[in-house]
Number of protein chains: 2
Amino acid sequence: MQNQFAVGMALTILACPVLGQDVADFAIDYDIIPERLANQAVLLRERALLDNLSVDLVESITTEVGARRVGTEGDRRAIAWAMAKFDELGFDRAWAEEFPVAHGWNRGDIEAEIIAPYPQPLVATALGYSVGTNGDLVGEIVEFATFDDLLAVPEGDSLAGKIAFVSYSMSDYEPPPGASTMSGYGQGTRARGRGHVEAARRGAEAIVIRSVGTDNNRIGHTGSGFGYEEGVRRIPAAAVSAPDAILLQNMLRRGAPVSVRLNMTSEITGPVVGANVIGEITGRDGSDDYLVLGAHLDSWDEGTGAIDDGAGIGAMMAAAAIIGQMEQRPRRSIRVLLFGAEEIGLVGVRAYAERHAGELGNHLLGAEVDSGGGRVHTLVSGVGPESLAVVREMYKLIAPLGIAWDDTNDANGASDMSVLGRAGMPAMNFLQNSNDYFHYHHTPNDTFDKIVPEDMRYLTAAYVAMFYLAAELDVDFRQ
Amino acid sequence: MQNQFAVGMALTILACPVLGQDVADFAIDYDIIPERLANQAVLLRERALLDNLSVDLVESITTEVGARRVGTEGDRRAIAWAMAKFDELGFDRAWAEEFPVAHGWNRGDIEAEIIAPYPQPLVATALGYSVGTNGDLVGEIVEFATFDDLLAVPEGDSLAGKIAFVSYSMSDYEPPPGASTMSGYGQGTRARGRGHVEAARRGAEAIVIRSVGTDNNRIGHTGSGFGYEEGVRRIPAAAVSAPDAILLQNMLRRGAPVSVRLNMTSEITGPVVGANVIGEITGRDGSDDYLVLGAHLDSWDEGTGAIDDGAGIGAMMAAAAIIGQMEQRPRRSIRVLLFGAEEIGLVGVRAYAERHAGELGNHLLGAEVDSGGGRVHTLVSGVGPESLAVVREMYKLIAPLGIAWDDTNDANGASDMSVLGRAGMPAMNFLQNSNDYFHYHHTPNDTFDKIVPEDMRYLTAAYVAMFYLAAELDVDFRQ
């Protein structure tokens, strides 16, 4: 009774003003969610709201490991950190699954400066897996407002001796009606991902893009492309900061040729080894099915990987650990999958899918956090039609956190989990406030101070309640 | 009549909601400000609001010159830029007054990293006029929460072999009741200015401070101290970014010694030459008295000097130029004083005061903008008791810009102008919104994109109206 009262109070106080719905809408159907489980989910949710574990985990990995790009010493330290943390947090077992990565990469150093008509230094960063310049590379800048404008130039030698400059600004992009707010990022990743190939096809010596981000800081945003192509010259690729892109544009507007010197010592190296690290809270029923909570362990190499993806690591490890702290194990197993090599193109999860091809059908439900630690605001499921009503009922237990319901049921797995989603795994995603995510994303600025502890606790609480219920209920989310 | 109507309309529409005062409060006393001058001031004010010249000037100096630390090539380009601009803008004469500076400084390069217990790179910047490390300098970090805590350690060898770390955070500082919101900056400049001397007195090998700023960016804030002292060892001084200071603190909290490697190639060099550049709109009455609008031409060397002090340069040059575009010259001369070497301790204005010692009494009224380009919100005068009533009446002409009146009359000159203020020059300062000023101040992030054009136009309009009236009225602001 006390627990039921707690549910009622929380709904009255929190849910109404947030969602503008009647309390009656949130009455639990105890035929679907047994009263005991509902009450337990509320207790776990409230406990997670008071538990700073998710934040402490981000603090730990950013302080004790820091940057952890695949194949680096930092990545190896991150793998060891994850193994030790799973153990420390009381997981029943933890293991690492290594996989080969075709190439490593050394970032090296970068120097960039305008040498004419007005000499000024530029702040730039090498794009991931770019080749170096092999000494000084000097060329006149040719600006393209968008990647499409670059594509519109004839292939061959249109840009011979030149440095292509795509000045597309994610901040200024206005998505077409109905498009996702993320479409501005998608537009930016076109030039980041393919610019070096398309500029080379047109004879350019190098490509420089405006950083794909939403900030105004003099810090470049790295990120990796889709690799070089056989038969196309490998040219260096770098991103200048937003203020430096604006400086180049202001100088170009004066009409005189603008020449830039680039010196990058980046180099692609031989194969390296990455690893996915898995921790399990083993279910009490001995079933082969399990639930998976995902995040990626690797990060870019210039920040300490706090929002990308320390937040996901912290929230998912903490959610499973808090469920694991109960008196008895949940009915089904919960696995936390910390993927390696996400940043270079979901390499770790692909290795995982291959290795676990025979048991993909046992992945009963999957979620991933890879959009930072911002406040959770909407639940989107992607489950079978029969179980949707159960998820709708489970949702009522987290509605008091101020979370809305998206009834499209079209989630198919976020980030790494999209690979498993496409293979048929049911998905559950929480959408989060990510207004400042692309201020810091892929920059040295991705550091622990960007984490908002209260938001992390809300995020963790939402996963705790939903995955506790998913683990206890006798529901097949594939149906 | 048409002009008078314009005054009335502006007051009705703008002044009431902004200031919550009666229109009657803003009726002009035409015995103090002749109707013709009042109307003209309104027209000039409104014209300046529509004129982008101040913004264009900041764009010009940041694009065509960029960083301009005294004694550098950039400083010499800035001096030439200012001379050419005064000419282009129709000033009657312009000249440069050179002065010697005892030492130049090469920033060189900086490498900083934590080497134990958890190796991680640090983002740091050399403080201005620091010596270098002469190769790698490795030492254990000893944290002091404030400069006073460092002072509390006995002199001698308390910090032998150590690197002092003052982690004072300007963002977290809460000023005592009644203290200026700037007092947090003042606290920060204590360690920035004297830390290298006081740490050396205690045996430290180097000093590292948390950047004096209010941002959370992984960018260090430079700035200069008050020099080294005879008889005290010259140790290197650097500022780490806020996120790096937090990283050091998080690591130190674990209890194990934290060791850092610093490698700085900064060096103090021989004497250099700086210059103040002066442009004059020559008054039509041939009087020896003149009004002065100030800003500083030099900047720190990592940004392009947009807010510090491109905004001042743009607003002051544009204000005088707009007055100079009238059909006839103002009665008294208006000089724009662009001081050199402000950033290393008001060196240029001191040379100016010495050279013009015989005519300091001719400086009838002075203003300076050196707090960025933010929206102007309050007028503070520092004039003689007899002329205060006139200034109060002049103020009515700019009140419609949403500017409040501070009746303390205690202004004594901002930034460089404080030197002339102390020598007796009457002062007029506008306070501005500077909420984000210390996000960017003394960093690579001080770039043109931080300028808000509308705010710059308001700032310029306020100076145009006030200095037009001050030039025309037969008032001695010293009385």
Side-chain angles (χ1 to χ4, degrees), chain A residues 56 58-68 73-74 77 81 107 109 111 113-114 117-123 169 171 215-220 241-254 256 258 301-306 436 439-440 443-451, chain B residues 56 58-68 72-74 77 81 107 109 111 113-114 117-123 169 171 215-219 241-254 256 258 301-306 436 439-440 443-451:
Chain A
D56 293 342
V58 186
E59 194 271 350
S60 174
I61 194 167
T62 55
T63 306
E64 296 168 19
V65 179
R68 45 196 183 274
E73 173 61 23
R77 280 160 61 192
W81 175 93
R107 171 169 296 280
D109 295 317
E111 293 172 11
E113 62 172 342
I114 299 167
Y118 307 109
Q120 293 218 35
L122 292 169
V123 174
S169 161
S171 300
D215 59 309
N216 67 357
N217 291 314
R218 210 163 183 194
I219 294 181
S241 78
D244 290 271
I246 292 167
L247 177 63
L248 282 170
Q249 289 177 291
N250 285 345
M251 219 176 271
L252 285 162
R253 234 193 355 251
R254 285 160 164 78
V258 174
D301 49 357
E302 299 195 290
T304 61
D436 64 0
H439 291 7
Y440 309 125
T443 74
N445 233 343
D446 179 2
T447 47
F448 178 63
D449 53 290
K450 310 307 184 302
I451 294 291
Chain B
D56 293 342
V58 186
E59 194 271 351
S60 174
I61 195 167
T62 55
T63 306
E64 296 168 18
V65 178
R68 45 196 183 274
T72 65
E73 172 61 24
R77 280 160 61 193
W81 176 91
R107 171 169 295 281
D109 296 317
E111 292 173 12
E113 62 173 341
I114 299 167
Y118 306 108
Q120 292 219 33
L122 292 170
V123 174
S169 161
S171 301
D215 59 308
N216 67 357
N217 290 314
R218 209 163 184 194
I219 294 181
S241 79
D244 289 272
I246 292 166
L247 177 63
L248 282 170
Q249 290 177 291
N250 285 345
M251 221 176 269
L252 285 161
R253 234 191 357 250
R254 286 161 164 77
V258 174
D301 50 357
E302 299 195 291
T304 61
D436 64 0
H439 290 7
Y440 309 125
T443 74
N445 233 342
D446 179 2
T447 48
F448 178 63
D449 53 290
K450 310 307 184 302
I451 294 291

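We use all heavy atoms of the structure for the numbers below, so side chains are in, but hydrogens, waters and symmetry mates are not. Proteins get letters first, then strands, A, B, ... in listed order; numbering begins at 1 in each.
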So, taking the atom named [atom1] in [X] and the one named [atom2] in [Y], what distance separates them when rounded to the nearest 0.5 Å?
X: Thr443(A); Y: Arg218(B); atom1: OG1; atom2: CZ; result: 9.0 Å
X: Glu64(A); Y: Gln120(B); atom1: CD; atom2: CD; result: 9.5 Å
X: Lys450(B); Y: Asn217(A); atom1: NZ; atom2: CG; result: 6.5 Å
X: Phe448(B); Y: Asn250(A); atom1: CZ; atom2: CG; result: 6.0 Å
X: Ser241(B); Y: Ile219(A); atom1: OG; atom2: CD1; result: 8.0 Å

For chain A, the option from His439(B), Glu73(B), Arg77(B), Met251(B) that forms the most heavy-atom pairs under 4.5 Å: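 Of His439(B), Glu73(B), Arg77(B), Met251(B), Arg77(B) has the most heavy-atom pairs under 4.5 Å with chain A.
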Only pairs of heavy atoms separated by less than 4.5 Å count here; which of Ala306(B), Gly74(B), Gly66(B) has the most with chain A?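 Sorted descending by pairs with chain A, the first entry is Gly66(B).
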Part of Pro119(B) lying under 4.5 Å from any heavy atom of chain A: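 For Pro119(B), backbone and side chain are both near chain A.
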Go through the atoms of Glu59(B) and report whether side chain, backbone, both or neither lie under 4.5 Å from a heavy atom of chain A.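 Answer is both: backbone and side chain atoms of Glu59(B) are under 4.5 Å from chain A.
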With side chains defined as the heavy atoms from C-beta onward, is the minimum distance between Pro121(A) and Glu302(B) less than 4.5 Å?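 Of all side-chain heavy-atom pairs linking Glu302(B) with Pro121(A), none is under 4.5 Å.
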Are Arg254(B) and Thr63(A) packed together at the side-chain level, in the sense that at least one heavy-atom pair is separated by less than 4.5 angstrom?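 Sidechains of Thr63(A) and Arg254(B): in contact.
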Counting heavy-atom pairs under 4.5 Å with chain B, which one of Thr447(A), Asp244(A), Asn216(A), Thr304(A) comes out on top?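 Counting heavy-atom pairs under 4.5 Å, the top option is Asn216(A).
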